Amino acid sequence: MSEQVPILQIGQILLVSIQTDLDDQAVMRLQDDLAGRVVESGAHGVVIDITAVEIVDSFVGRMLATIATISRMLDAETVVVGMRPAVAITLVELGLSLGGVTTALTLDKGLRVLERRRQEAAEGDSRAEPGPAEAESPPGGAIDS
């Protein structure tokens, strides 16, 4: 039986620190566990730290992209941090670009990426909301005198 990957919560961010090379079963369990935790916690970000991962295969590479897509659909951005050069080279050689997956060299940089995106989203939301004058004006913009 494969071991379960711990998922830690730091504020509104879930941190997954993969400490060993994962087999297919462990990756599938991580996908399910993480999706459940994103919904349960309402997290807006997921950081997957693969610093300790030395070897990836095409299945694990595709699952990283799948996990990021699932998280995004559940309103949480994903950043993969700590990718070793050998892992990056292997993914490229396998033809896996990990489209849609944001990467950062370190955990600190990954957390900053998520914070910056959260701030940008909040600024975008505040611009999209109508101001008090707009909210109170009648339909069609007509104003009674």
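Note that the structure is a prediction, hence the values are computed from the model and not measured. The figures that follow rest on heavy atoms only: side chains count, while hydrogens, waters and symmetry mates do not.
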Would you mind reporting whether [Y] and [X] have side-chain heavy atoms less than 4.5 Å apart?
| X | Y | answer |
| --- | --- | --- |
| D24 | D57 | yes |
| V5 | D33 | no |
| T90 | I55 | no |
| V56 | M83 | no |
| M63 | L22 | no |
| L30 | I67 | yes |

Consider only side-chain heavy atoms of I, L, V, M, F, W and Y, link residues closer than 4.5 Å, and tell whether [X] and [Y] are in one cluster.
| X | Y | result |
| --- | --- | --- |
| L64 | V87 | yes |
| M28 | I48 | yes |
| V16 | F59 | yes |
| L15 | I7 | no |

Mind listing the closest non-hydrogen atom pair of [X] and [Y] along with its distance?
| X | Y | answer |
| --- | --- | --- |
| Q19 | A52 | O-CB, 3.6 Å |
| A35 | L74 | O-CD1, 3.7 Å |
| L34 | S71 | CD2-OG, 4.4 Å |
| A65 | V101 | CA-CG2, 3.6 Å |
| L98 | G61 | CD2-O, 3.0 Å |
| A43 | A76 | O-CB, 3.5 Å |

Task: Enclosure of I10 CD1 (heavy-atom neighbours >12, cutoff 6.0 Å) - done: yes

Open item on the list: Is it true that T106 and D108 share a donor-acceptor pair across their side chains at a distance under 3.5 Å?
Closed with: no

- [ ] For the pair L96 and R62, evaluate side-chain contact (heavy atoms from CB on, under 4.5 Å) and give the outcome as yes or no after the intermediate values.
- [x] CA-CA 7 Å; L96 299 172; R62 282 193 311 275; 3.8 Å; yes

Task: Sole candidate of T78, I70, V46, D75 that passes side-chain contact (heavy atoms from CB on, under 4.5 Å) when paired with V38 - done: V46

Open item on the list: Run the side chain to side chain contact (heavy atoms under 4.5 Å, CB included) test against Q9 and tell me which residues pass, sequence neighbours left out.
Closed with: Q12, L14, R37, S41

